[in-house]
Amino acid sequence: MNLSQYEAFIKAVETGTMTQAAEELGYTQSGLTRALNSLEEQWGVKLLTRGRSGVQLTTEGELLIPYIRTVLHDQRRLSERIGEINGLREGLIRIGTFNSVSAQWLPGMIKCFQQKYPGIRFQLLHGTDAQISGWVADGLVDVGFVAYPTLPDLDSDFLYRDPIVAIFAEDDPHASMEKFDIMELPELPYIALNEGVEDEITAILNQNRITLDARFVESDDHAVIAMVEQGLGISLMSVMMLQGFSRRVSSLPLDPPGYRDLGIACRSRKLLSGAASMFYEHACRWVEENYVPGKV
C-alpha cells in the first residue's frame, strides 16, 4: 500500500486538474501521472478520466474514493496518536472555514493553540456553509465552522450569535437613523453577499416576505463594503464581517432584528485525532473567553 499514491488520487479529485494537484503536492505533472497510472495498474481499475476540462471520477473511482479517504484518515489518526504519546509534538488539523471566521477568530485562536503545541500544522479550506458541513460529513476536514444548528448527523457546539446589520455609505440619508426598517429593502439598490451568511439573510428576507433583485452579487466582503462606500447600493452583513475595516460606511441594526448563529462541528468527537480534539475544545473556550465583538 502506497499512501502517497492515495494522496495523489485524492488531491487530483479535489483540485480537478493534474497541474494544480502536482503543484500542491510538490510533484512534477509527469510524476503525478505516473503515480496515478501505477495505482490504476496495481488495482486493475480505471479511477479517473482525463480531458481538457480536467479530471473526473469514473464510476469505479466514485465507489472506491470513500474507502481511500478512510485509509488516509486512519493513517493520519495513527500518526497523531503516536504524536499524543510523544506530547502532541506534531500533527495536521484540517479546518473548514469562511472569510469572517478566518479574519476575526482563527489568527488569535491558532496563535494561542500553537503556543502550547508548536508542532501542530493547520490546513484551511474556505467555502460556504453547505460546502463546509459537507466536507465535515465526508471527512475532508477534521472540524468546520458552520451555521448552527448544522447537519443532524454531525457532532456540533454553539459558539456565538452574530447580529446582522444593514450597511450604508456614510453620506446616505439612512446612516443617521437608529435602526433600519427591513421593509424598505425592496426600494433600495441591494448588493448581495455570498460568504456563508447567505442562508441566514435569505431566512430573514423570507420571514418578512421580502423578494430582492440584487444589483450586484459578490463573494468577497471587502468588495461589498467598497461598493457600499462608493454609494453603489446597500447590503446586509454580520457584525463580525465589518470588524477591522476603516472604510466610510455606517451600520444599522435591523428592525426586526436578525442574527446568524455560528457553531463548530466534526463528524464525531470520538473519531477526532488527539490534535483535532484538543483544537475543538480550545476553539470553544477561546470564543467564550477571548472573543469580544468590536474589540481591536
Side-chain angles (χ1 to χ4, degrees), residues 1-15 20-28 31-32 35 68-127 131-146 154-157 159-160 244 262-291:
M1 180 174 66
N2 189 330
L3 293 176
S4 64
Q5 291 175 317
Y6 293 5
E7 291 171 347
F9 170 62
I10 294 296
K11 185 60 69 175
V13 173
E14 289 177 351
T15 60
Q20 186 175 345
E23 289 177 357
E24 294 188 13
L25 291 173
Y27 285 82
T28 63
L32 181 68
I68 297 173
R69 283 176 171 152
T70 297
V71 170
L72 291 174
H73 176 73
D74 289 345
Q75 174 62 30
R76 190 174 67 256
R77 286 187 63 212
L78 173 62
S79 298
E80 291 178 354
R81 288 297 183 192
I82 295 170
E84 288 175 51
I85 296 172
N86 293 313
L88 281 180
R89 286 202 292 260
E90 58 182 47
L92 172 67
I93 303 173
R94 301 166 304 165
I95 301 174
T97 182
F98 42 89
N99 292 345
S100 53
V101 168
S102 295
Q104 303 300 335
W105 288 359
L106 284 178
M109 196 179 285
I110 291 176
K111 179 181 179 181
C112 183
F113 188 82
Q114 287 194 322
Q115 287 174 349
K116 190 172 183 180
Y117 307 109
I120 302 300
R121 296 174 294 116
F122 291 85
Q123 179 183 14
L124 307 183
L125 278 72
H126 287 79
Q131 289 174 321
I132 295 168
S133 56
W135 294 339
V136 173
D138 292 339
L140 296 179
V141 296
D142 301 302
V143 300
F145 292 94
V146 295
L154 302 181
D155 285 350
S156 61
D157 285 276
L159 292 178
Y160 179 70
L262 300 179
I264 187 170
C266 65
R267 188 158 55 169
S268 169
R269 293 290 297 273
K270 294 179 181 179
L271 296 177
L272 284 177
S273 68
S277 180
M278 293 291 289
F279 180 79
Y280 188 105
E281 295 174 4
H282 169 75
C284 294
R285 288 195 305 270
W286 189 93
V287 173
E288 181 180 358
E289 297 173 3
N290 297 293
Y291 183 72

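Hydrogens, waters and symmetry mates play no part in the numbers below; they use all other heavy atoms, side chains included. The residues of the chain are indexed from 1 along the displayed sequence.
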task = Please confirm whether the backbone N or O of L140 pairs with a side-chain atom of R94, one donor and one acceptor, at under 3.5 Å?
result = yes

request  = Under the side-chain contact (heavy atoms from CB on, under 4.5 Å) rule, what do L106 and F122 come out as? Steps first, then yes or no, please.
outcome  = CA-CA 10 Å; L106 284 178; F122 291 85; over 6 Å; no

Intermediate values then yes/no, side-chain contact (heavy atoms from CB on, under 4.5 Å), D142 and R76 = CA-CA 11 Å; D142 301 302; R76 190 174 67 256; 2.9 Å; yes

remark   = Interatomic distance, CD1@I132 vs CZ@F145, rounded to 0.5 Å, equals 9.5 Å

ask   = Is there side-chain contact between D74 and T70, with heavy atoms separated by less than 4.5 Å?
value = yes

query = Is the shortest distance from a Lys or Arg side-chain nitrogen in K11 or E14 to a carboxylate oxygen in the other one below 4.0 Å?
reply = yes

query = Is a side-chain donor or acceptor of S102 paired with a backbone partner of F98 at a separation under 3.5 angstrom?
reply = yes

request  = Can you measure from CZ (F9) to CD1 (I68) and round to the nearest 0.5 angstrom?
outcome  = 4.5 Å

task = Check for a donor-acceptor pair, side chain of H126 on one end and backbone N or O of N99 on the other, with a separation under 3.5 Å.
result = no

request  = Determine the minimum heavy-atom distance between L32 and A8, stating which atoms define it.
outcome  = CD1-CB, 3.3 Å

ask   = How about V141 and T97: do any of their side-chain heavy atoms sit closer than 4.5 Å?
value = no

query = Hey, what do you get for CZ (F279) to SG (C284), rounding to the nearest 0.5 Å?
reply = 9.5 Å

